[in-house]
Protein chains: 2
Amino acid sequence: MTEDADGMSLADRLARRIRALLISGELTPGQRLSEAAFSERFDVSRNSLREAFRLLTKDGLLRHEANRGVFVAVPTMASIIDIYRVRRMLECGALRQAWGQHPAIRVMRETADQGRVTRDRQDWAGVGSANMAFHAAVVDLADSARLNEFYERISAELRLCFGLLNDPENLHAPFVEMNETIVARLEAGRPHDAAAEMETYLNLAERTMLKALERACEPA
Amino acid sequence: MTEDADGMSLADRLARRIRALLISGELTPGQRLSEAAFSERFDVSRNSLREAFRLLTKDGLLRHEANRGVFVAVPTMASIIDIYRVRRMLECGALRQAWGQHPAIRVMRETADQGRVTRDRQDWAGVGSANMAFHAAVVDLADSARLNEFYERISAELRLCFGLLNDPENLHAPFVEMNETIVARLEAGRPHDAAAEMETYLNLAERTMLKALERACEPA
DNA sequence: TACGAGATATTGTTGAACAATATTGACATT
DNA sequence: AATGTCAATATTGTTCAACAATATCTCGTA
């Protein structure tokens with residue numbers, strides 16, 4: 001899963017490690033990331049750490065306040081709405097123009113199946129991973145390196161939102177069936193229907209996320 | 001045009017200055033950017049400069065080779081094809097789902113008119129600027145901060161490509177009419193037609209760019 | 001409690017240092 | 001002349017220590 005770690009500069013490797021901490025929920029939204037503490041923790045210089053912070057800030061995972069330091073980004077309604085707007089544009093667009101024999105369709109099929117298997121096993125983390133991989137494959141249909149990279153960034157931000165919520169079952173499980181429908185439409189040579197289905201999916205997912213965020217913000 | 005320069009960190013300001021040099025063509029594709037030379041030139045420390053380089057690398061404007069330094073990215077056929085794939089997805093998508101009363105439509109109208117005025121004046125740089133602003137307004141129809149930011153990055157990369165070519169007239173002038181058509185379709189409440197027109201536009205622009213790049217690479 | 005003033009800690013930026021790697025150039029070999 | 005070798009040189013990668021600027025905290029006083 002994790003790719004080649006060598007050849008990349010220290011800051012890149014650092015950014016990757018911190019990103020992992022972020023999406024694993026080990027670092028909670030709003031938390032301040034002290035330069036001193038983290039350079040100590042990772043045994044790197046403050047300068048190198050600052051380069052890594054800068055990258056993650058550009059990715060939207062950290063927020064930078066002048067003279068106050070960097071903080072883990074806190075998901076808001078606005079950011080969720082924005083993220084789903086992006087997803088509708090990218091994923092529905094990719095589906096609509098998908099070539100019938102594109103290799104990514106096989107990846108979609110595999111990850112959709114994987115989603116069902118893990119769900120039946122009640123392995124919710126597995127369902128989440130399969131789901132993310134499914135949608136990355138959808139974007140890959142567009143055959144654009146820049147789009148893929150952009151989606152990766154959006155995807156990381158979304159995972160940050162997931163971390164805030166603690167209900168992986170309701171967050172991912174309901175979507176297994178829809179993924180299967182979408183890939184089936186595509187396999188049947190009906191990309192437009194697949195896109196329509198995806199739009200339904202994303203609207204539902206967005207509502208679910210917003211509702212979950214609402215609950216998370218105002219705990220009884 | 002240029003926004004508030006204070007409040008931002010040194011690296012951000014540096015990145016902006018260097019970006020300006022890049023899109024103005026003062027730095028030519030493939031050129032190596034020495035850390036020593038640039039930290040001298042801008043009178044900043046190497047550390048700060050490296051942070052700026054990192055940001056621009058993430059934007060795709062610079063390329064980083066391990067232990068060899070950073071270089072101005074060189075546009076290739078592949079990158080142009082990729083960029084236009086992104087543009088088709090973003091701009092056509094934004095048009096298709098555009099709300100009829102969106103304020104960005106007025107910006108589109110204004111920049112389209114501005115394009116005609118500057119063209120009649122044979123102010124090709126002006127035509128280029130108006131054109132870029134027009135398409136930024138198109139993306140703005142989608143009402144997504146992340147999409148806008150992403151498009152800005154793509155846009156900067158594209159300007160880098162323009163710099164390589166030296167034929168602003170043929171590169172921008174033919175598109176004045178098409179922009180007017182597109183915004184007219186939108187004003188007439190026919191977003192789908194506008195999107196179709198945009199697709200035609202982008203296909204034509206892509207071909208023009210590829211042809212121009214070909215000529216630039218193999219000078220007689 | 002509210003308010004300032006000074007003490008403290010943190011970030012912003014710099015400059016120098018050194019290791020690791022890449023480039024150059026002189027020299028020898030064919 | 002072309003090519004390969006190896007030391008000399010330059011550049012990047014990373015660290016460290018320092019200091020200015022700004023934010024946060026503490027505490028004494030009204």
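The structure presented is a predicted model; accordingly, all values stated were derived computationally and were not measured. So that the names make sense, note that chain A is the first sequence line, chain B the second, and so on, each numbered from 1.
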What nucleotide among dA17(C), dT13(C), dT15(D) has an atom nearest to a side-chain atom of Arg46(B)?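 The closest nucleotide is dA17(C).
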Could you tell me the separation between the [atom1] atom of [X] and the [atom2] atom of [N], rounded to a whole number of Å?
{"X": "Glu35(B)", "N": "dA16(C)", "atom1": "CD", "atom2": "C1'", "answer": "15 Å"}
{"X": "Glu65(B)", "N": "dT12(D)", "atom1": "CD", "atom2": "P", "answer": "12 Å"}
{"X": "Leu49(A)", "N": "dT14(D)", "atom1": "CG", "atom2": "P", "answer": "13 Å"}
{"X": "Glu51(A)", "N": "dT15(D)", "atom1": "CD", "atom2": "C1'", "answer": "12 Å"}
{"X": "Arg50(A)", "N": "dT14(D)", "atom1": "CZ", "atom2": "P", "answer": "16 Å"}
{"X": "Glu40(A)", "N": "dT10(C)", "atom1": "CD", "atom2": "C1'", "answer": "15 Å"}
{"X": "Phe42(A)", "N": "dT14(D)", "atom1": "CZ", "atom2": "P", "answer": "15 Å"}

By nearest heavy atom, map Ser34(B) and Asn47(B) onto DNA chain D; which one lands nearer the 5' end?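 That would be Ser34(B).
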Note: for Leu10(A) and Asn67(A) on DNA chain D, the residue whose nearest nucleotide lies more 5' is Leu10(A)
dT12(D) OP1/OP2 closer than 4.0 Å to side-chain N/O of Arg32(B): yes
Between [X] and [Y], is there a donor-acceptor pair closer than 3.5 Å when you use the side chain of the first and the backbone of the second?
{"X": "Asn203(B)", "Y": "Glu199(B)", "answer": "yes"}
{"X": "Gln97(B)", "Y": "Ala94(B)", "answer": "yes"}
{"X": "Asp82(B)", "Y": "Ala145(A)", "answer": "yes"}

Please report the shortest heavy-atom distance between Ala112(A) and Val183(A), naming the atom on each side.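 Taking every non-hydrogen atom into account, CB-CG1, 4.4 Å.
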